[in-house]
Amino acid sequence: IHFNVSHSNSKVICAFSENTIGCDIEEVTSINLDIAKNYFFDSEYEYIKNQKTTTERENAFFRLWTLKESFLKTTGFGMSIPLNNFEIYFKNDIIKISQNIDKFNYYFHEYECEDNYKISCCSRVNDFCKNIIKVNVHNFY
């Protein structure tokens, strides 16, 4: 059994799987989008910038952030890899990644959460959501 844990503000998530897994949860808040300009792949920054409203841009930023962090956790390298060394993109509503960090393929799933949070999980197994034993989100205070 593999597991991964993440927290943001008052929420904590724990994902359990039969395969290597990474997860991230982030509360969508006001953010300086220069972070994406300076640390994300150029096309990811364009994706964020092209959203129509501030709320949509913030949602796009945290969507990408959770996808990127879940990937880094799955690789085992964590934040030692710069966020602009790989690209998350969307093709026909499927989350894709372009990376030269290792030889594995990676697959993503996003979860709905109340209270304006984004949740993403990543694994090396296609259709891994069927192999996720449980994803729990709890308030921890």
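Distance check: E44 CD to K37 NZ gives 15.5 Å after rounding to the nearest 0.5 Å. Between the CD1 atom of I25 and the SG atom of C121 there is a distance of 10.0 Å, given to the nearest 0.5 Å. Atom CD1 in I119 sits 14.0 Å away from atom CZ in F62 (nearest 0.5 Å). Distance check, rounded to the nearest 0.5 Å: CD of E26 to NZ of K118 gives 12.0 Å. Taking CZ from R57 and OH from Y45, the interatomic distance works out to 9.5 Å, rounded to the nearest 0.5 Å. Atom OH of residue Y106 and atom CD1 of residue I97 lie 8.0 Å apart, to the nearest 0.5 angstrom.
Residues T66 and Y117 have side chains not in contact (no heavy-atom distance under 4.5 Å, counting atoms from C-beta outward). Here the side chains of N59 and N116 are in contact, with some heavy-atom distance below 4.5 Å. For the pair I13/Y111, no side-chain contact is recorded, criterion being any heavy-atom separation below 4.5 Å from C-beta on.
Heavy atoms of other residues, nucleotides or ligands lying less than 6.0 angstrom from CZ of F90 number more than 12. Around the CZ atom of F104, the shell of radius 6.0 Å holds more than 12 heavy atoms that belong to other residues, nucleotides or ligands. Dense packing is recorded around CG of N50, with more than 12 heavy atoms of other residues, nucleotides or ligands lying under 6.0 Å away. Other residues, nucleotides and ligands place no more than 12 heavy atoms under 6.0 Å from the CG atom of D42.
No donor-acceptor pair closer than 3.5 Å links the side chain of N92 to the backbone N or O of I94. Formation of a donor-acceptor pair under 3.5 Å by the S17 side chain with backbone atoms of H2 is not found in this model.
Pairs passing the side-chain hydrogen bond (donor to acceptor under 3.5 Å, both in side chains) check and including a residue from residues 73-84, sequence neighbours excluded, read N4-K73.
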Under the side-chain contact (heavy atoms from CB on, under 4.5 Å) rule, what do I21 and N19 come out as? Steps first, then yes or no, please.
-> CA-CA 6 Å; I21 190 167; N19 304 291; over 6 Å; no
For the pair K11 and E27, evaluate side-chain contact (heavy atoms from CB on, under 4.5 Å) and give the outcome as yes or no after the intermediate values.
-> CA-CA 8 Å; K11 302 265 189 225; E27 182 178 20; over 6 Å; no
side-chain contact (heavy atoms from CB on, under 4.5 Å) between C23 and F16: does it pass, once the steps are laid out?
-> CA-CA 10 Å; C23 68; F16 297 89; over 6 Å; no
For side-chain contact (heavy atoms from CB on, under 4.5 Å), just list the numbers for I101 and F71, CA-CA rounded to whole Å, side-chain angles, deciding distance to a tenth of an Å, and then say yes or no.
-> CA-CA 11 Å; I101 294 161; F71 164 71; 3.7 Å; yes
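Closest non-hydrogen pair, L83 versus K68, comes out as O-NZ, 2.7 Å. Residues L67 and F108 share a closest heavy-atom pair of O-CE2, 3.5 Å. Nearest heavy-atom pair across I31 and E58 is N-OE2, 3.9 Å.
A single hydrophobic cluster is not seen to contain both F41 and F77; linkage of ILVMFWY side chains at heavy-atom distances under 4.5 Å, directly or through other members, places them apart.
The six-membered or imidazole ring of H109 lies away from that of Y107, with a centre-to-centre distance of 6.0 Å or more. Y47 has its ring centre no less than 6.0 Å from the ring centre of Y89.
Judged purely by distance below 3.5 Å, without hydrogens or angles, the side chains of D24 and S120 never pair a donor atom with an acceptor atom.
With sequence neighbours excluded, no residue forms a side-chain hydrogen bond (donor to acceptor under 3.5 Å, both in side chains) with Q51.
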